2 protein chains.
Amino acid sequence: MKPRTIGVAAREAGVNIETIRYYQRIGLIEEPPKPDAGFRLYPESTIERIRFIQRAKALGFSLNETTRLLELEDGRCEQTRELAESKLAVINTKIEDLSNMAAVLTEHIKCCQSNTDNQACPLISSLSSESLVVDDSSGN
Amino acid sequence: MKPRTIGVAAREAGVNIETIRYYQRIGLIEEPPKPDAGFRLYPESTIERIRFIQRAKALGFSLNETTRLLELEDGRCEQTRELAESKLAVINTKIEDLSNMAAVLTEHIKCCQSNTDNQACPLISSLSSESLVVDDSSGN
DNA sequence: CTTGACTCTGTACTATAGTACGGAGTTTAT
DNA sequence: ATAAACTCCGTACTATAGTACAGAGTCAAG
């Protein structure tokens, strides 16, 4: 096993080195202490943290929001319950929206298969009702 | 009923005027023809399209990806089935990830209530396995 | 028939999330 | 022991998604 220096860590996490440095600069992940000899070494937990950040981004969370989500990771009930509740509400709305889109797409694909051809795909109206979830991105 | 000029449209869609112009510039929405007298008027369908774009953004789709989603709206089976299938796969992965996060948060909140205090909240590991969904954003 | 609110066009600026790169130091493979 | 590959640090650049604003035109209410 070769030591997990930043380059190895980046490959494992599927991001590039500069992204790791960037996350360190903005305080999203910790920079490991510089050892007396040799290069900084990155623990497994940091790799997982980075992967989580990437996934959260793909789910529409900004880095600020993701920072709040990560506070839940090791926060304690007193401070985090309210946050957990509000994030849960956001997540449930996202799930609902995505489920509606999935239903429309599934229907569309079925129509295509049964060859009742030239079926439209009313995706827009799948998300018609009032939101809650349209971009705050400040993380609060 | 006052005519739906750009300012009214922006208020209805919940974005600002410049955003509408920006979407027009990049071809995401059509610019209504300029009438011989008076200002451009925006149809209801454009408002819905803008709202859809905002929701899609909150669900982690880039404007490029959203452009592809909107092609499904009035595209026909021959051209769109493959696209629909790949978008459905992406959406289902997002739903799975969000559901896992929701489960962890729900559990966390329950623990807090039953006062078994100082429960951690293993959000990171809720998204542990291999993805599929980590940011392409080119829309393909 | 003028004043205040709005539109139109174009250009410039901003925030977020990275990427790239130069130059110096460190490590490792030969 | 030296070259190739990597780390470190700082600064600068980029893409995406808007925002802001100046200056000219248009509209509608008093």
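Hydrogens, waters and symmetry mates are skipped; everything else that's a heavy atom, side chains included, is used. Chain identifiers are assigned alphabetically (A, B, ...) following the order of the sequence lines, protein sequences preceding nucleic acid strands; residue numbering begins at 1 within each chain. Computed from a prediction, not measured in an experiment: that's the story for all the values here.
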Can you name the nearest heavy-atom pair linking [X] to [Y], along with the distance?
{"X": "A:Leu63", "Y": "A:Tyr23", "result": "CD1-CE2, 3.9 Å"}
{"X": "B:His108", "Y": "A:Ala84", "result": "CD2-CB, 3.8 Å"}
{"X": "A:Ile124", "Y": "B:Glu73", "result": "N-OE1, 2.9 Å"}
{"X": "A:Pro3", "Y": "A:Val8", "result": "O-CG2, 3.8 Å"}
{"X": "B:Glu31", "Y": "B:Gln24", "result": "OE2-OE1, 3.5 Å"}
{"X": "B:Ser126", "Y": "B:Met101", "result": "OG-CG, 3.6 Å"}

**Item:** B:Thr66 and B:Phe52, any side-chain heavy atoms less than 4.5 Å apart
**Value:** yes
**Asked** Heavy-atom distance under 4.5 Å between the side chains of A:Thr46 and A:Ile20, does that happen here?
**Response** no
**Message:** If a pair means Watson-Crick or G-U wobble with both distances below 3.5 Å, what does DNA chain D look like in dot-bracket form, with | marking bases paired to a different strand?
**Reply:** ||||||||||||||||||||||||||||||
**Prompt:** Taking DNA chain C as the partner, which of residues 16-28 of chain A come within under 4.0 angstrom of it by heavy atom?
**Reply:** A:Asn16, A:Glu18, A:Thr19, A:Tyr22, A:Tyr23, A:Arg25
**Item:** From CA spacing to verdict: salt bridge (charged side-chain N to carboxylate O under 4.0 Å, His left out), A:Glu44, A:Arg4
**Value:** CA-CA 9 Å; A:Glu44 176 71 17; A:Arg4 197 189 282 106; 2.9 Å; yes
**Request:** Please determine, for the side chain of A:Ile6, which listed nucleotide (C:dC6, D:dC8, C:dT9) has the closest atom?
**Result:** D:dC8
Which atom pairs link the protein and nucleotides 24-27 of chain C when you take only N or O atoms and keep those under 3.5 Å?
| from | atom 1 | to | atom 2 | distance (Å) |
| --- | --- | --- | --- | --- |
| C:dT27 | OP1 | A:Gly38 | N | 2.3 |

**Asked** Taking NZ from A:Lys57 and P from C:dA15, how many angstroms apart are they, rounded to a whole number?
**Response** 20 Å
**Request:** In whole angstrom, give the distance that lies between atom CD1 of A:Ile53 and atom C1' of C:dT16.
**Result:** 15 Å
**Message:** Please confirm whether the shortest side-chain N or O distance from A:Lys2 to OP1 or OP2 of D:dC6 is below 4.0 Å.
**Reply:** no
**Message:** Please determine whether a side-chain nitrogen or oxygen atom of A:Arg4 lies at a distance below 4.0 Å from atom OP1 or OP2 of D:dC6.
**Reply:** no
**Prompt:** Does B:Glu30 CD have over 12 foreign heavy atoms under 6.0 Å away?
**Reply:** no
**Complete:** Comparing B:Ser62 with A:Arg11, nearest DNA chain D nucleotide closer to 5' gives the residue A:Arg11
**Prompt:** Taking a hydrophobic cluster as the set of Ile, Leu, Val, Met, Phe, Trp and Tyr residues connected by side-chain heavy atoms closer than 4.5 Å, whether directly or through intermediates, do A:Ile50 and A:Ile26 fall within one such cluster?
**Reply:** yes
